[in-house]
Amino acid sequence: MAETVTPSDSSRTTGHLLASLDPLLREWLPRQRWFAGKGRPVTGFTLVAATELLPLDGRLGLHHLLLRVHQPSVFGAEPHPGDCYQLLIGVREALPPRLAPALIGHVEDGPLAGHAVYEALYDPRPAEVLLEALRTQARIGGLCFDRDPRQEIREGLVARLMTVEQSNSSVVYGDTFILKLLRRVVPGVNPDLEIPLALAREGCPRVPAPTAWLHAGTDTEPHVLAVLQPFISGASDGWELALRELAKGEDFAAEARELGRATAEVHTALARALPTATLGHAQLRSLADGMTERLAAAVQAVPVLRPYESGLRAAYRALAGLADEGRTWTAQRIHGDLHLGQCLRSPSGAWSLIDFEGEPARPPAERRLPQPPVRDIAGMLRSFDYAAHSASPPAPDWARVCRAAYCSGYAEVTDRDPRTDPVLLRAYETDKAVYEVLYEARHRPEWLPVPLSAIRRLAASALEARP
Ligand SMILES: Nc1ncnc2c1ncn2[C@@H]1O[C@H](COP(=O)(O)OP(=O)(O)O)[C@@H](O)[C@H]1O
Ligand SMILES: O=P(O)(O)O[C@H]1O[C@H](CO)[C@@H](O[C@H]2O[C@H](CO)[C@@H](O)[C@H](O)[C@H]2O)[C@H](O)[C@H]1O
């Protein structure tokens, strides 16, 4: 394993551990839900930083790693230096049976021969080390643990790893806090911290305010690595609730309207808190071009899209046509990957929005650009459709009612009904459905028919709407 940056900790134990990890991680990493490079072999690693958080005292060692993972570039794409991942590696002489699912492998030789290395977040003790470091604002090697001094963090909260499907990894502490440890990390400002902090400054109660955060900074470029927020205890997410109502044959219109109101409140606060922009001819043209390019790339990667390509392009051409007629739109910071799974309803019925990271596959700089808020609306409209088409039998009328109620709720707060922008809305819905086809092909191929059913409808409706 080559080292481009001197590890913060250069102890001999860490050196041996890193050498042993190489073959184990090649096999283990691609099996992780959060690993973004699925489908391409792992050809090697570069160590970006290593920090010993607990020295191996005979029972438990704990290492924080930032590793660049090398893989062949996607066909036709520019050569890529490889994504950087955050790992928390535990070392034990013997792994207790309760930690068996966390095993990465056994060290073959050297002073640690026979020791088990494992995904340490499964283990309450290492996860508690992270909370304690945040509480005390520790500096360990290049790792900076910071917190909002106005929020109290109690000592001794017990940790448990969340087992939901997610793009990162989250640990809950005593039903009081949730720590999201980002897996694929990028340098620079991270919207998952930036936006909740900005909303907290605005006093917007719809998003849990960050309590503490971890970043790396001394011998690497600054990277946000983890964010701690209050845990909304007993909350259900919008996706679970929607599926539950669908299964009972109940409509979801009242909740959809409340979700529309919550989205509108967050958008209003974001427009106050962070810069806005006007999208004129050049920007709208480039928006339509970007959508067309993403479609072309998706057709290459998932050829079942090909029969719909010309219909889908018509949706983007209609947007370019409005740009040519001189139409402009206001852009602002938005959520960027809004769907029912990002909406939490507390036991009292209040909706909160979470996870402002944006679509994991989009370039980080693009995720922070001001965009028309209709893009988030399109994400939610797709989500109602997703729920309705993953039900058996599919329930298109259920989705139609929810979609209308959501837009009405949004309009009640902002005085802007998203349905008054049908061309922009359809272009964004189409772009989202194309993204979903790629996402499902990569992560959950059995779900592919859900976005494909929308692709068929969107292609047909864009062709029908042609002037
Ligand atoms: N503040 C919170 N309170 C309660 N549960 C939360 C909170 N934040 C996140 N969660 C739960 O954790 C899951 C993953 O969080 P999320 O931010 O969406 O992570 P990811 O980016 O990895 O998908 C959510 O689906 C939700 O169930
Ligand atoms: O995990 P993230 O929240 O970062 O988002 C990714 O995964 C989502 C699935 O977990 C994916 O959402 C798609 O499936 C949802 C149902 O599971 C559905 O509600 C969404 O509308 C649909 O887009 C999301 O696109 C992806 O970025």
Side-chain angles (χ1 to χ4, degrees), residues 32-36 86 121 160-185 190-193 195-196 200 205-211 224 226-243 246 259 335-347 350-362 367 375-391 399 402-403 406 428-429 431-444 446-452 454:
Q32 304 314 302
R33 161 72 164 79
W34 42 261
F35 183 65
Q86 173 173 213
L121 287 177
R160 67 179 158 88
L161 180 67
M162 283 200 76
T163 49
V164 295
E165 287 267 299
Q166 60 177 123
S167 306
N168 299 285
S169 298
S170 298
V171 178
V172 177
Y173 296 95
D175 271 8
T176 306
F177 293 111
I178 180 165
L179 179 72
K180 172 149 105 176
L181 195 95
L182 302 176
R183 288 305 193 159
R184 191 162 52 130
V185 297
N190 188 313
D192 220 0
L193 177 60
I195 289 195
R206 295 291 193 173
V207 173
T211 308
V224 174
V227 180
L228 185 78
Q229 288 182 337
F231 182 68
I232 306 172
S233 186
S236 308
D237 76 44
W239 177 253
E240 292 162 16
L241 287 173
L243 291 191
L246 260 166
L259 275 168
H335 181 284
D337 188 16
L338 195 57
H339 56 79
L340 281 163
Q342 316 281 36
C343 307
L344 298 182
R345 198 186 66 177
S346 73
W351 284 100
S352 300
L353 307 191
I354 56 163
D355 192 4
F356 286 79
E357 204 186 0
E359 284 173 3
R362 295 272 180 130
R367 298 190 219 162
R375 177 159 168 218
D376 279 349
I377 314 283
M380 283 301 286
L381 298 186
R382 287 288 315 115
S383 215
F384 293 120
D385 187 70
Y386 238 77
H389 284 86
S390 60
C402 287
R403 288 161 60 102
Y406 178 77
Y428 271 123
E429 257 203 88
D431 191 43
K432 183 72 186 183
V434 168
Y435 164 87
E436 288 165 344
V437 166
L438 260 182
Y439 179 88
E440 301 300 5
R442 231 170 247 162
H443 296 277
R444 311 184 292 192
E446 69 286 4
W447 284 64
L448 204 46
V450 175
L452 273 179

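Start at 1 and go down the list; that is how both ligands and their atoms are numbered. All values below were derived from every heavy atom in this structure, side-chain atoms included, with hydrogens, water molecules and symmetry-related copies excluded. Positions are given from 1, in the same order as the sequence printed here.
- Taking each of Phe384, Trp239, Tyr435, Trp34 in turn, the one with a heavy atom nearest to atom 27 (O) of ligand 2 proves to be Tyr435.
- Polar contact with ligand 2: absent for Gln166 (N/O pair, distance under 3.5 Å).
- With a 4.0 Å cut-off on non-hydrogen atoms, Arg444 touches ligand 2 through its side chain and not its backbone.
- The shortest N or O to N or O distance between Gln342 and ligand 2 is under 3.5 Å.
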For this session: Take Tyr173 and Phe231 through the test ring-ring contact (aromatic ring centres under 6.0 Å, His included) and record every step on the way to the result.
Result: CA-CA 8 Å; Tyr173 296 95; Phe231 182 68; over 10 Å; no
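- Of the listed residues (Asp192, Leu181, Asp355), the one carrying the non-hydrogen atom nearest atom 18 (O) of ligand 1 is Asp355.
- Taking every heavy atom of Pro208 and a limit of under 4.0 angstrom, the matching atoms of ligand 1 come to 1 (N).
- Among protein heavy atoms, the minimum distance from atom 27 (O) of ligand 1 is reached at Met162 CE, 4.0 Å.
- A side-chain N or O of Ser169 and one of Arg183 form a donor-acceptor pair less than 3.5 Å apart.
- Atoms of ligand 1 found under 4.0 Å from any heavy atom of Ser167 (numbered from 1 in listed order, with element): 20 (P), 22 (O), 23 (O).
- With respect to atom 4 (O) of ligand 2, the closest heavy atom belonging to the protein is Ser167 OG, 3.0 Å.
- Between Val164 and ligand 1, not a single N/O pair is under 3.5 Å apart.
- With hydrogens left out, the protein atom closest to atom 3 (N) of ligand 1 is Ile232 N, 2.8 Å, a heavy atom.
- At a heavy-atom distance under 4.0 Å, only backbone atoms of Pro230 (N, CA, C or O) approach ligand 1.
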For this session: Check the pair Arg382 / Glu436 against salt bridge (Lys or Arg N to Asp or Glu O under 4.0 Å), numbers first and verdict last.
Result: CA-CA 10 Å; Arg382 287 288 315 115; Glu436 288 165 344; 2.9 Å; yes
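- Side-chain contact, Glu357 with Asn168: a donor N or O sits under 3.5 Å from an acceptor N or O.
- Here Asn168 has heavy atoms under 4.0 Å from ligand 1 in both its backbone and its side chain.
- Polar contact check, Asp237 against ligand 1: no nitrogen or oxygen pair lies under 3.5 Å apart.
- When heavy-atom distances to ligand 2 are checked against a 4.0 Å cut-off, Arg362 has no atom that comes that close, whether in backbone or side chain.
- Among all non-hydrogen protein atoms, the one lying nearest atom 9 (C) of ligand 1 is Ile354 CD1, 3.5 Å.
- You'll find the side chain of Met162 stays beyond 4.5 Å of the side chain of Val171, heavy atoms only.
- Nearest protein neighbour of atom 10 (O) of ligand 2, counting heavy atoms only, is Arg33 NH2, 3.7 Å.
- Between Tyr439 and ligand 2, an N or O atom pair is found at a separation short of 3.5 Å.
- Using a cutoff of 4.0 Å between basic side-chain nitrogens and carboxylate oxygens, Asp355 and Lys180 are scored as salt-bridged.
- The Gln342 neighbourhood of ligand 1 comprises atoms 18 (O), with distances under 4.0 Å to a heavy atom of that residue.
- Which parts of ligand 2 touch Asp355 is read off a 4.0 Å heavy-atom cut-off, strictly below it: atoms 3 (O), 4 (O).
- The heavy atom nearest to atom 23 (O) of ligand 2, considering only Glu436, His339, Glu440, is found in Glu436.
- Between Ala235 and ligand 1 there is no heavy-atom distance shorter than 4.0 Å.
- Numbered from 1 in the order shown, with element, the atoms of ligand 1 that lie under 4.0 Å from a heavy atom of Leu344 read 2 (C), 3 (N), 4 (C), 5 (N), 6 (C), 7 (C).
- Within ligand 1, the atoms closer than 4.0 Å to a non-hydrogen atom of Glu357 are 21 (O), numbered from 1 in the order shown.
- Nearest-residue assignment for atom 17 (O) of ligand 1 (options Lys180, Gln166, His339; heavy-atom criterion): Lys180.
- Every heavy atom of Ser352 sits 4.0 Å or more from the atoms of ligand 1.
- With Ser383 contributing its side chain and Gly379 its backbone, the two residues share no donor-acceptor pair below 3.5 Å.
- Residue Glu359 has no nitrogen or oxygen atom sitting less than 3.5 Å from a nitrogen or oxygen atom of ligand 2, judged on distance alone.
- Closest to atom 19 (O) of ligand 2, if we only count protein heavy atoms, is Ser383 OG, 2.7 Å.
- Salt bridge status for Asp376 with Lys432: absent, with no side-chain N to carboxylate O gap under 4.0 Å.
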